[in-house]
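Lettering of chains follows the sequences in order, A, B, ..., and the numbering in each one begins at 1.
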Number of protein chains: 4
Amino acid sequence: MPPISGEQLNQIRDERREQIIQAAAKVFAKRGIAGTKMSMVAAEAGISHGLVYHYFKTKNELFTTLIQGAIEASISSIEGLNRIQGSALEKIRLLTKHILDQEKAPYFMLIYQANHSDGVPEEAKQLLREYPQQAYIERLLPTFRDGQLEGDIVEGDLVNLVGSYFTILSGIMVLGEGYHIPELEFVMRTITK
Amino acid sequence: MPPISGEQLNQIRDERREQIIQAAAKVFAKRGIAGTKMSMVAAEAGISHGLVYHYFKTKNELFTTLIQGAIEASISSIEGLNRIQGSALEKIRLLTKHILDQEKAPYFMLIYQANHSDGVPEEAKQLLREYPQQAYIERLLPTFRDGQLEGDIVEGDLVNLVGSYFTILSGIMVLGEGYHIPELEFVMRTITK
Amino acid sequence: MPPISGEQLNQIRDERREQIIQAAAKVFAKRGIAGTKMSMVAAEAGISHGLVYHYFKTKNELFTTLIQGAIEASISSIEGLNRIQGSALEKIRLLTKHILDQEKAPYFMLIYQANHSDGVPEEAKQLLREYPQQAYIERLLPTFRDGQLEGDIVEGDLVNLVGSYFTILSGIMVLGEGYHIPELEFVMRTITK
Amino acid sequence: MPPISGEQLNQIRDERREQIIQAAAKVFAKRGIAGTKMSMVAAEAGISHGLVYHYFKTKNELFTTLIQGAIEASISSIEGLNRIQGSALEKIRLLTKHILDQEKAPYFMLIYQANHSDGVPEEAKQLLREYPQQAYIERLLPTFRDGQLEGDIVEGDLVNLVGSYFTILSGIMVLGEGYHIPELEFVMRTITK
DNA sequence: TATGAATGAGCATTCATTCAT
DNA sequence: CATGAATGAATGCTCATTCAT
């Protein structure tokens, strides 16, 4: 005679999990792996530190999960690009605005942290080496090529161009507080004629 | 009357100190404050960890010293700008190249770390809040203004422009390995007509 | 709604805390602050050193807690004096016996250590500068005065007399093992006619 | 062609040695063994810490040397007792005054430290277990017996009496600062009729 | 599922001791 | 004899992780 139905339990579990992930993203993004204590994550999530271990076996697993989420989110964000109406340049401008505007920073931060830390499971590092950079760039290539054909985007090697564009954006997002955030047009000038 | 000439001792001390600073800059830049263990610094410098404490009272003091050096170096780097011959744009291009080319990354990294970490002595944070951003930007303003007057640099608010330019460069340097480093002209497009 | 009743947890916490305090008193009294290693306290308490830090933030905090307890215990010990029946001299004899007989040594030792060590938190030192000496003496004054009026206690300045009496007792307790402990009457002769 | 004669060297050596011993006695007495750092001794003596090791192989050896000196000094102090004119009581009063008056504290402190510390070489501990207590008491016995015969000193077991008397004095000396130092007559009452 | 007591590996820092000069 | 740079063992303290309840 379970007082709570299995379904309710599942719901609780999913909510808790998400709760922890949100909290962890916030803390990891700000402090890095070494600087983040599990107790901070627990406190941020408003639960006991013991409970975090019910959902994530280790700190590294938690971090890896975050990375995975970040990668998926960024990819689906680009995917959405194709569904937009308008010229290639307008699409890119929209994506850029989207990134600069929103609270996307945690995602970029996490990926950055993963690239610069030690304790990161090789598993996560592998994911990163293959994914975001490449995925982003590959998925953006067609749109940039269209932009070149349409005469809006500067000529030159596309991989180089898109790679540089992605680096610039990543850099801005990673720096975060304390730096002057460039306006959309400032960034757009790097790729427009 | 020490059995070793005071000068010899001073030399040893200065060398060791510099040796530790170099090692520490490398490690701190890569791993951040929390991620850097004093044993890593010692190993990188090829000395015992005990000796590090002979020269720097605490990890924080060591880090703060690094920050101070980074700030001084970056400022003097800009100061040199005025001694160069050529148009404003050429000066800026040279500075940009200088930054992108060389191993300036540690300096940008350190300043970034200091802005984003916790254990940073308030002392160091203070230094940072006042210096690099402002100092850099203020010192670059005249040259950018010249560039505008000479018709090479885009119009618009100078503080905004230089701030954005500085952010872009900082971002690139901070990202470091794993990201596609933009070429000089890519970056220059953000400020040229 | 913790799975273990809060009361149970409180009980565990109190027991452990007391356990650590007992162990610490023993070790600190014997070895002094510098001579006491947290591992010794942990071993004496039969727990891991990590757990000690669960209950006391630092070695100094632990020591300060001990001091506080010692002060309170000694004061309440004197307070009890007034509830006793009999002449003033008998009361003092009883107190003296009480001190000499029992395992009061740790309390005197702790207070002594605190007065003679370095790393003692100023907080603890302050407590001591104000308390035991003064408190003891002031609280004993009336009884000694009664003793003088009753013709049992030697004449003379009361503060001087009680202070000396307290010093003698403290000295005996601090010396501890290795010294011949005087008998009650030997000590009593210092104050009786 | 030594610039300094061997005799001069010997003199320097002896002076340095004494200089270190004085400094060490002061520091050890105040801080105990664990609380005393060799650097403190060196600083107190006004020399480099390296030099201390030219004269004393280890910290323990230095401490043991101090103990030896303390023992010898106290014994010779009692020996002098017999050369004094007057009644037994007067002799004892003189000795007591002598102890209470002067800066004998370091000696008592050292012996006390030795009895209560760990790092003390068993060698030193052995010396102590046999010497001061016994030596003092045995050498005082005859005088106390005379005092009893002369009717000035209380009756009773002599070893007990002298032992208690020695304990009282030791305690006073060990407590040191922060305690009310009893006057001569207060102490004398413990042994006089 | 949820909590927090408990453990122990790891890291910052101190300090006795050695040794080149 | 004298100095202080150098080493490393020892110690305070933190924090990831486990587990009884």
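One can place CZ of C:Arg17 at 15 Å from C1' of E:dA5, the figure rounded to the nearest angstrom. The separation between B:Gln11 atom CD and F:dG4 atom P is 17 Å, rounded to whole Å. Atom CD1 in D:Ile20 sits roughly 9 Å away from atom P in F:dA2 (whole-Å rounding). When the P atom of E:dA16 is taken as reference, atom CZ of D:Phe63 falls 14 Å away, rounded to whole Å. E:dA12 atom C1' lies 14 Å from atom CD of B:Glu61, rounded to whole Å. If you take CD1 of B:Ile12 and C1' of F:dT3, they are 11 Å apart, rounded to a whole angstrom. Summarising the geometry, the separation between CD on B:Glu15 and P on F:dA5 is reported as 13 Å, rounded to the nearest angstrom. The separation between C:Asn10 atom CG and F:dT21 atom C1' is 15 Å, rounded to whole Å.
Looking at B:Phe56 and B:Met38, their side chains never come closer than 4.5 Å, going by heavy atoms from C-beta outward. In this structure, A:Ile33 and A:Lys59 have side chains that are in contact, with non-hydrogen atoms separated by less than 4.5 Å. Looking at heavy atoms from C-beta onward, A:Gln113 lies out of side-chain contact with A:Phe28 at the 4.5 angstrom threshold. Residues B:Gln22 and B:Glu18 form a side-chain contact, since some pair of their non-hydrogen atoms from C-beta on lies under 4.5 Å apart.
For the residue pair D:Glu72 / D:Gln68, no side-chain donor-acceptor distance below 3.5 Å is found, with atom types taken as modelled. A side-chain donor-acceptor contact under 3.5 Å links C:Glu15 and C:Gln11.
The residue among A:Gly46 and D:Met38 whose nearest nucleotide of DNA chain E is located toward the 5' end is A:Gly46. Nearest-nucleotide mapping onto DNA chain E: of D:Lys59 and B:Lys37, the residue sitting toward the 5' end is B:Lys37.
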Check your understanding: In dot-bracket notation, what is the pairing pattern of DNA chain E, taking Watson-Crick (N1-N3 plus N6-O4 or O6-N4) and G-U wobble (N1-O2 and O6-N3) contacts under 3.5 Å, with [ ] crossing and | for other strands?
Key -> .||||||||||||||||||||
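A sub-4.0 Å separation between OP1 or OP2 of E:dA6 and a side-chain N or O of C:Arg16 is present.
Here the NE2-OG distance, from B:His54 to B:Ser48, works out to 10.0 Å after rounding to the nearest 0.5 Å. Expressed to the nearest 0.5 Å, how far CG of C:Leu110 lies from CZ of C:Phe63 amounts to 5.5 Å.
Distances from the side chain of A:Ile47 to the nucleotides F:dC1, E:dT21, E:dT3 place E:dT3 closest.
With A:Ile20 as the partner, the side-chain contact (heavy atoms from CB on, under 4.5 Å) test is satisfied by one option alone out of A:Thr65, A:Ile47, A:Leu66: A:Ile47.
Of the residues in residues 48-58 of chain B, those placing a heavy atom less than 4.0 Å from an atom of DNA chain F are B:Ser48, B:His49, B:Gly50, B:Leu51, B:His54, B:Tyr55, in numerical order.
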